[in-house]
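Notes to accompany the following structure.
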Number of protein chains: 2
Amino acid sequence: MKPQPSSKAATLHDVARIAGVSLITASRALSKPELVSDKTIARVQEAVAQTGYLPNLMAGGLKSKRSQMVAGIIPALSVAQFLPTLQTLTETLAQAGYQLILGQTGYDVAREEALINTMISRRPDGLFMTGLVHAAAARARLQQAGIPVVESWDFSAQPVDMLVGFSHHDVGRAIAAFFRAKGWQKVGIASANDPRARQRCEGFEATWGQPVPTALVPAPSGLARGREALGTLLAQCPDLQAVYCSSDQMAQGVLVEAQARGLRVPEDLALCGFGNAEFSAHMVPALSTVHVDGAGIGERAAQMILQRCAGQSVEQPVQDIGFSIIERRSTERAPG
Amino acid sequence: MKPQPSSKAATLHDVARIAGVSLITASRALSKPELVSDKTIARVQEAVAQTGYLPNLMAGGLKSKRSQMVAGIIPALSVAQFLPTLQTLTETLAQAGYQLILGQTGYDVAREEALINTMISRRPDGLFMTGLVHAAAARARLQQAGIPVVESWDFSAQPVDMLVGFSHHDVGRAIAAFFRAKGWQKVGIASANDPRARQRCEGFEATWGQPVPTALVPAPSGLARGREALGTLLAQCPDLQAVYCSSDQMAQGVLVEAQARGLRVPEDLALCGFGNAEFSAHMVPALSTVHVDGAGIGERAAQMILQRCAGQSVEQPVQDIGFSIIERRSTERAPG
DNA sequence: CTGTTAGCGCATTCAG
DNA sequence: CTGAATGCGCTAACAG
């Protein structure tokens with residue numbers, strides 16, 4: 001009934017003393033109960049309840065070399081694209097008793113490198129990256145640190161360690177092929193200016209075979225940037241028939257701007273986004289887009305890291321998770 | 001030129017040996033250089049570069065009782081509302097050398113409590129909560145842990161420690177007063193079913209003075225839920241004049257559904273959201289909404305935690321950051 | 001099943 | 001300005 005004996009946090013030492021057992025027995029009763037008799041476990045748990053003991057994971061980790069933390073590095077929290085991945089990653093790791101430490105690079109390679117060093121200083125049991133590790137020094141550090149690393153949302157022939165992603169270049173090519181199959185001649189690109197979005201642009205142009213009018217806007221791209229971008233594109237090419245947008249949020253903006261200018265979608269202008277956001281299927285017209293299983297990336301990455309932490313090897317350390325074009329109303333008939 | 005002498009990570013011990021100084025001198029050269037001669041610092045840094053040494057923050061933290069980590073607890077990463085707060089919090093803390101450990105409650109009080117215990121086990125130097133701490137046991141634990149705690153995005157007369165937020169009840173009242181001043185009679189609510197959104201509903205009804213048709217949808221609310229909710233509301237009240245939505249994302253859905261049904265906004269139906277999302281000002285019509293300085297919450301929370309960590313006291317440990325209704329086109333004239 | 005011994009890597013006393 | 005000793009809280013080895 002009375003509160004904790006002192007103002008300081010109880011240690012395992014206190015628990016052991018109150019339970020009348022040795023330190024290590026108390027430790028085992030809590031973390032490896034199968035090695036301890038039920039009676040002892042009960043007494044230890046009684047002492048834990050009495051003292052309000054919570055283990056100090058820093059101390060445990062120092063000795064056991066397992067921090068039960070995973071570092072997660074993203075460009076910025078405001079990039080909606082990665083949220084399902086991060087949410088699933090965090091949840092799956094949490095179920096296994098691991099927490100995520102978050103770091104944001106702001107798409108800056110120098111910050112990415114500094115962040116990786118900071119993270120390694122915490123001795124995480126694994127590291128998750130959205131995108132690839134860009135700095136060579138950071139790659140070397142990670143390899144030397146010997147922890148499981150998952151790069152994601154991109155593809156590389158030489159990953160640092162493991163990878164779950166797909167080729168953005170291929171996405172661009174697929175969209176261009178899709179546009180071409182529709183018979184459209186005058187097409188444009190409204191894209192954020194981040195490395196992966198640029199790869200999609202390059203893929204698009206590679207398949208398209210000639211330069212494509214492109215409006216590049218700063219990342220992260222949103223509705224406002226989409227409106228702006230359509231303005232830019234129409235100034236370059238007034239008889240535009242179709243636009244590929246580097247995010248569904250941006251496509252929403254292009255749609256709004258089109259409607260504001262009296263252009264009908266898809267009759268006058270067709271639209272394809274990227275990301276298959278929650279809202280895309282419910283827009284009017286419903287938005288054609290590229291689906292990527294973001295939650296799946298988070299889930300697989302978590303599993304890969306957890307397997308490695310459990311000492312198992314991962315069968316497929318490099319997974320191409322693919323993508324698919326989802327055709328909806330916004331590209332339903334060839335305009336013009 | 002040759003790589004690290006062994007496959008194991010270098011320790012400060014190695015650095016000290018190579019630099020030809022004692023352990024503690026190497027430690028000071030890195031963390032308190034003002035106490036060490038420049039010559040010694042240079043030699044230590046040389047050794048650091050040579051070994052690729054990265055400090056082990058777990059070990060340092062164990063001794064110094066400072067983990068340089070802050071725990072951040074949110075309902076779910078997918079709640080867009082909190083992203084600016086989290087982004088600013090993470091950045092501001094990172095500038096001061098602190099990292100955020102993330103935990104998601106899923107709006108579940110039991111998970112919240114378990115999560116707080118897990119977090120305390122990591123001995124964070126501070127804890128940030130979106131919302132209030134609900135479980136009494138968790139409040140007690142946090143108070144006993146003695147770390148700075150900031151609750152946010154809500155208001156309470158008895159915060160655990162510090163708080164940056166505002167009254168959701170007052171938001172609801174303000175919107176109801178705003179709607180009343182417009183002269184509208186038939187109004188409805190499209191709201192997510194989370195605790196804070198419900199408080200806004202209650203505030204709205206309290207000021208409105210009579211029951212208000214309400215469509216509650218599961219949190220987090222998005223565009224699809226908004227469409228669904230407007231359907232529900234129109235079924236109850238076909239001559240609806242105005243709708244308050246618990247998020248701008250949901251308001252987007254209500255707008256889409258209204259347009260799909262041939263209702264003009266605001267001529268036939270006025271709309272007010274909550275959150276002042278990045279896109280709201282750029283919709284057509286521009287969306288009236290409630291602005292809350294989410295980034296400001298993150299910034300202030302970080303400052304409060306950092307001040308406490310620096311041993312200073314915080315002048316205003318409880319800050320009402322307020323809110324403001326932003327009138328845009330979607331509520332511009334009284335319909336009907 | 002339980003206990004003893006010995007550190008994990010570093011920073012905080014105290015001394016010079 | 002530099003150093004030697006001590007221990008943060010816990011767990012991996014080994015013993016019994």
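Residue numbers begin at 1 in each chain, while the letters A, B, ... track the order of the sequences.
- In this structure, NZ of A:Lys65 is placed 15 Å from C1' of D:dG9, rounded to the nearest angstrom.
- Neither side chain, B:Thr118 nor B:Ser121, offers a donor N or O lying under 3.5 Å from an acceptor on the other.
- Straight-line distance from the CG atom of B:Asn56 to the P atom of D:dC10: 17 Å, rounded to whole Å.
- Atoms CD1 (A:Ile24) and P (D:dG9) sit 16 Å apart, rounded to a whole Å.
- Regarding A:Asp14, its CG atom lies at a distance of 9 Å from the P atom of D:dC10, rounded to whole Å.
- Taking the side chain of A:Leu12 as heavy atoms from C-beta on, and the options D:dT11, D:dA4, D:dC8, the nearest nucleotide is D:dT11.
- In this structure, A:Thr40 reaches the sugar-phosphate backbone alone: every heavy-atom distance under 4.0 Å involves primed, P, OP1 or OP2 atoms, never a base.
- Between the side chains of B:Ser22 and B:Thr25, a donor-acceptor pair is found at a separation under 3.5 Å.
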Applying side-chain contact (heavy atoms from CB on, under 4.5 Å), run through A:Arg141 and B:Leu54 and close with a yes or a no.
CA-CA 10 Å; A:Arg141 274 233 199 274; B:Leu54 284 177; 3.6 Å; yes
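- For the pair B:Arg43 CZ and D:dT2 C1', the computed distance is 12 Å after rounding to whole Å.
- A:Leu23 comes within 4.0 angstrom of a base, heavy atoms only.
- The base of D:dG9 does not come close enough to the side chain of B:Arg123 for any donor and acceptor atom to sit less than 3.5 Å apart.
- Each salt bridge (Lys or Arg N to Asp or Glu O under 4.0 Å) pair with one or both residues in residues 302-311 of chain B, not counting sequence neighbours, appears once here: B:Asp161-B:Arg308.
- Contact footprint of chain A on DNA chain C: nucleotides with an atom under 4.0 Å from a non-hydrogen protein atom, first to last in 5' to 3' order, C:dC1 to C:dG9.
- In terms of phosphate contacts, B:Thr25 brings no side-chain nitrogen or oxygen within less than 4.0 Å of OP1 or OP2 of D:dC1.
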Test log, rule side-chain contact (heavy atoms from CB on, under 4.5 Å), inputs A:Gln316 and A:Met162:
CA-CA 8 Å; A:Gln316 287 193 44; A:Met162 300 180 283; over 6 Å; no
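- Nucleotide D:dT11 holds its P atom 15 Å from the NE2 atom of A:His13, rounded to whole Å.
- Between A:Ser27 and the phosphate of D:dT11, there is a side-chain N or O to OP1/OP2 separation shorter than 4.0 Å.
- Between B:Gln303 and B:Glu299, the side chains place a donor N or O and an acceptor N or O closer than 3.5 Å (distance only, hydrogens not considered).
- For A:Arg28 and A:Leu54, each mapped to the nucleotide of DNA chain D holding its nearest heavy atom, the one lying further toward the 5' end belongs to A:Leu54.
- Side-chain proximity of A:Lys32 to D:dG7, D:dA12, D:dC10: nearest is D:dA12.
- Atoms CD1 (B:Ile120) and C1' (D:dG9) sit 17 Å apart, rounded to a whole Å.
- Atom-to-atom, NZ of B:Lys63 to P of D:dT6 comes out at 12 Å; the value is rounded to the nearest Å.
- Tested against B:Asp125, the residues B:Met69, B:Lys65, B:Arg66 include a single side-chain contact (heavy atoms from CB on, under 4.5 Å) partner, B:Arg66.
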